[in-house]
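The basis for the numbers below is simple: all heavy atoms, side chains too, and nothing from hydrogens, waters or symmetry mates. Per chain, numbering begins at 1; letters A, B, ... match sequence-line order.
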Amino acid sequence: MSDRALPASAAATGQTLSMAADTAAILPAQGLATAGATAAAPFAPAGPPQQREMPFAIVQGQPLLTLPQDLYIPPDALEIFLDTFEGPMDLLLYLIKRQNLDILDIPIAQITDQYMEYVELMKDLRLELAAEYLVMAALLAEIKSRMLLPRPAEAEEEEDPRADLVRRLQDYERFKRAAQDLDALPRLERDHYLVQALVPPGHRRLIPPEVDLREVLLALRDLLARADLFTSHKVEKESLSLRERMAIVLAKLQGMGFVPFVHLFEPHEGRAGLVVSFLAVLELIKSATIELVQAEPFAPIHVRLRTGA
Amino acid sequence: MGTLTEAMSTRPPLKNILEGALLAAGGPLTLDGLAGLFAEEEAPPTREALSAALAALEADYRDRGIELAQVAGGFRIQVRQSCAPWVARLWDEKPPRYSRALLETLALIAYRQPITRGEIEDIRGVAVSTNIIKTLLEREWVRVVGHRDVPGRPALYASTRKFLDYFGLKSLNELPTLAEIRDPEFLGDDLPLEPPAPVTGALAEAGNSPTATQG
Amino acid sequence: MGTLTEAMSTRPPLKNILEGALLAAGGPLTLDGLAGLFAEEEAPPTREALSAALAALEADYRDRGIELAQVAGGFRIQVRQSCAPWVARLWDEKPPRYSRALLETLALIAYRQPITRGEIEDIRGVAVSTNIIKTLLEREWVRVVGHRDVPGRPALYASTRKFLDYFGLKSLNELPTLAEIRDPEFLGDDLPLEPPAPVTGALAEAGNSPTATQG
């Protein structure tokens with residue numbers, strides 16, 4: 001394999017590089033673009049200047065290696081050609097499909113030669129990318145040599161040297177197709193768009209957290225332990241109902257002005273209830289929260305919230 | 001000509017295109033903006049046609065959850081006010097658990113009512129933040145039942161019917177006594193105070209921002 | 001009781017509330033998320049009622065510019081494909097196109113997950129650029145779900161719900177079926193063609209593949 005320089009002038013002037021080999025019109029491998037008819041579209045916008053039969057490279061005396069005719073290579077984007085192939089597997093698949101070869105019975109010598117021609121071109125174009133292709137080249141060469149070896153008759157079960165490569169090619173082809181299928185799915189930002197309608201403001205709510213009574217009581221226990229201020233030794237059960245009653249009395253007086261004293265008592269509660277109410281009133285008077293007013297002796301007593309001076 | 005006719009014959013009704021555009025835009029679109037969706041060569045609709053389509057859209061929405069509104073920036077589709085209270089729940093926010101201070105304050109109001117904020121502070125030894133009182137009032141667990149007739153006339157707080165209902169009590173008498181609370185056996189071990197874990201509405205996990213309800 | 005009746009009498013039709021929510025959400029909502037819009041005390045709709053309302057909504061949209069779609073993340077309203085060409089003109093940028101390399105990598109992750117970058121490279125026969133992985137991670141179409149316990153502990157990639165949502169799929173089962181592989185008869189029957197277990201399969205292949213794509 002001799003060194004073959006790329007005719008830089010041809011590329012630089014943006015000419016269409018064509019292939020002088022048997023296959024006159026080579027479409028990129030199926031799936032390079034969605035359809036054959038549009039395959040050239042991304043690469044050949046607005047009629048590039050045409051120049052026919054420009055030998056791209058000479059391989060063993062024959063102008064074999066060129067780019068597919070419909071690939072327009074912009075002067076500064078030679079890698080488009082390389083990007084056309086997603087790697088050595090893709091290139092191999094392309095070579096096989098292009099010639100309608102049976103993937104299960106690849107003429108390995110022929111394919112290897114063609115593959116090497118492309119690899120030589122790539123070596124000229126971009127060395128670091130060619131490295132990956134070189135690994136495949138080595139594999140192909142190895143298979144080719146193993147195919148040439150006479151196979152012992154008794155070694156029936158020995159695997160075809162191409163078997164692993166075929167498996168890999170098939171596996172790659174499946175996912176190559178899967179990628180096309182994926183691309184064809186209706187998707188957001190292309191086939192569908194998300195919608196968003198505005199919501200009138202003022203309806204945001206804050207969900208209050210749940211509280212367990214136990215949490216409240218535990219907080220109180222800690223508080224009691226921290227500051228032992230509840231030292232009064234009243235009967236505490238009484239104390240609580242007294243305090244509840246004080247709150248009830250206050251609520252009754254809220255916004256009412258004078259309220260007859262007797263209205264603070266509910267006779268149906270019985271003696272105990274009356275006592276608690278009475279104690280609550282006394283307690284509230286003591287704490288300067290309510291006041292009793294009696295216009296004259298024996299007149300009805302009225303109660304009201306203290307409004308201050 | 002062939003492609004023009006083709007495009008026109010496959011073009012969805014104008015109303016549908018406008019509906020899709022207004023909803024996809026996420027904000028108001030002007031008549032000009034809507035007209036700009038149509039290329040010169042595909043027989044763009046006249047302003048009259050656009051207005052008529054918008055009016056038809058508005059009529060279509062009459063019994064729906066959305067409406068067409070005309071605002072300074074143009075036309076936009078928005079959620080109807082009548083549905084907004086439910087839709088806004090998409091962005092419901094659950095604040096973290098209540099603080100120890102709030103629970104203590106609540107307990108003091110329940111056990112020592114009627115009580116002023118100053119008295120709560122005396123017992124707790126630290127100031128009670130206005131937010132705590134506000135939260136308890138908003139939840140309607142406490143209310144102001146009067147004012148103590150001392151300088152400043154501080155409000156007297158008491159617990160409410162809602163407080164009893166929430167905690168499943170018929171009356172304050174059903175609360176354990178202080179003696180019971182002090183008994184280590186009664187409440188058992190301390191609750192492990194969980195770190196605040198803000199749980200938000202249905203959209204939180206999807207990463208949607210609540211910005212939609214603003215403005 | 002009065003407030004309950006009041007709330008119920010003023011509540012708009014369920015379909016309208018769902019429409020408002022789905023249009024406001026800006027993304028898919030699950031049935032649970034939709035049910036969460038209704039408080040316990042206001043007679044929340046049953047799942048059957050929700051499904052029926054969604055079906056009615058879908059029918060309402062039959063001739064409109066939008067449609068109700070079910071994807072992995074739940075239900076969403078989206079602009080119909082028939083209106084997309086015009087709606088796309090709202091934005092200056094063209095819809096994003098994705099390279100074959102990205103789509104092949106994404107397909108391998110979707111179909112063969114969990115999968116390492118090395119395994120992807122083995123199948124594609126070419127190195128996977130860091131940019132592609134970065135893009136897929138940034139779009140939240142794939143994520144790292146673990147590390148394979150081999151030297152270097154390579155990350156294992158899997159697809160996400162966002163990936164399904166983007167491509168309008170309810171689940172991975174809805175992915176287009178992988179192309180059938182013809183049985184290479186000439187190779188004999190003893191050839192295990194497709195390793196059945198995806199996780200170990202790729203590793204096994206890496207073992208017997210003479211082409212090293214590292215580096």
Side-chain angles (χ1 to χ4, degrees), chain A residues 192-230 235-241 243-254 283-284 287-291 305-309, chain B residues 20 23-24 26 66 76-79 81 84-85 87-89 91-98 100 103-104 106-108 110-114 123-125 139 143 145-150 153 156 158-159 166-168 171-173 175-179 181-182 187 190-191 210 212-215:
Chain A
H192 292 296
Y193 294 93
L194 289 178
V195 295
Q196 177 100 60
L198 198 104
V199 183
H203 295 283
R204 293 284 289 283
R205 294 184 317 166
L206 225 58
I207 302 292
E210 299 283 313
V211 180
D212 189 344
L213 182 58
R214 220 176 103 84
E215 289 177 74
V216 181
L217 300 177
L218 281 166
L220 182 59
R221 185 179 76 178
D222 286 0
L223 184 61
L224 293 178
R226 218 166 63 224
D228 205 28
L229 289 158
F230 290 82
V235 182
E236 281 164 330
K237 209 170 168 74
E238 282 287 315
S239 159
L240 209 49
S241 60
R243 297 209 158 264
E244 182 173 36
R245 192 57 57 101
M246 287 162 70
I248 291 170
V249 168
L250 283 177
K252 274 186 178 166
L253 297 177
Q254 196 71 16
E283 195 66 35
L284 288 169
S287 64
T289 310
I290 62 174
E291 59 188 347
L305 291 172
R306 285 188 68 159
T307 54
Chain B
L23 281 169
I66 48 177
R76 76 172 174 220
I77 293 171
Q78 61 189 30
V79 173
Q81 192 75 39
V87 174
R89 288 185 192 155
W91 296 278
D92 269 352
E93 279 176 66
K94 255 189 185 167
R97 297 158 59 85
Y98 286 142
R100 210 12 99 114
L103 296 175
E104 286 179 10
L106 177 62
L108 282 175
Y111 276 84
R112 302 290 287 179
Q113 61 189 289
I123 297 170
R124 291 194 55 236
R139 257 200 115 154
R143 61 186 170 145
V145 288
H147 294 267
R148 206 178 289 297
D149 196 17
V150 294
R153 295 190 40 75
L156 283 163
S159 63
Y166 184 89
F167 292 105
S171 81
L172 284 178
N173 275 332
L175 282 174
T177 63
L178 292 182
I181 289 172
R182 284 173 205 265
L187 285 171
D190 211 336
L191 273 185
T213 49
Q214 283 143 13

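Of all non-hydrogen atoms in B:Asn173 and A:Glu244, the two that sit nearest each other are N-OE1, 4.2 Å. Taking both residues in full, the closest heavy atoms of A:Pro209 and B:Tyr166 are given as O-OH, 4.1 Å, listed atom of the first, atom of the second, then distance. Closest approach of A:Ala219 to B:Glu104, counting heavy atoms only: O-CG, 3.7 Å.
One distance of note links CG of A:Leu224 with CD1 of B:Ile123; it measures 9.5 Å at 0.5 Å rounding. Taking CG of B:Leu106 as the reference point, atom CG of A:Leu217 lies at 9.5 Å (rounded to 0.5 Å). The distance from the NE2 atom of B:His147 to the CD atom of A:Gln254 is 6.5 Å, given to the nearest 0.5 Å.
Contact of A:Glu291 with chain B is not made at all, since no heavy-atom distance falls under 4.5 Å. Both the backbone and the side chain of A:Leu213 have a heavy atom closer than 4.5 Å to some heavy atom of chain B. Proximity to chain A (any heavy atom under 4.5 Å) is shown, for B:Ser159, by neither the backbone nor the side chain. If you measure heavy-atom distances from B:Leu156 to chain A, the contacts under 4.5 Å come from the side chain alone. Neither the backbone nor the side chain of A:Ile248 comes within contact range of chain B; no heavy atom of the residue lies under 4.5 Å from a heavy atom of that chain.
By the 4.5 Å heavy-atom criterion applied to side chains, B:Pro114 and A:Glu283 are not counted as neighbours. Contact check for A:Leu198 versus B:Arg76: side-chain heavy atoms found under the 4.5 Å cut-off. Using a 4.5 Å heavy-atom threshold, the side chains of B:Leu178 and A:Leu220 count as touching.
Formation of a donor-acceptor pair under 3.5 Å by the A:Arg243 side chain with backbone atoms of B:Arg112 is found in this model. A donor-acceptor pair under 3.5 Å is formed between the side chain of B:Arg153 and the backbone N or O of A:Arg306.
Residues meeting the salt bridge (charged side-chain N to carboxylate O under 4.0 Å, His left out) test with B:Arg148, sequence neighbours left out: B:Glu119. Taking the ring pair (Phe, Tyr, Trp, His ring centres under 6.0 Å) definition, one finds that B:Phe167 meets it with B:Trp141, B:Phe163, sequence neighbours left out.
With chain A as partner, the option from B:Ala107, B:Gly168, B:Gly20, B:Ala110 having the largest number of non-hydrogen pairs under 4.5 angstrom is B:Ala107. The residue among B:Ile66, B:Ile77, B:Ile181, B:Val150 with the most heavy atom pairs within less than 4.5 Å of chain A is B:Ile181. Of the listed residues B:Ala158, B:Ala84, B:Gly146, the one with more heavy-atom pairs under 4.5 angstrom with chain A than any other is B:Ala84. Counting heavy-atom pairs under 4.5 Å between each of A:Leu250, A:Val216, A:Leu284 and chain B puts A:Leu250 at the top.
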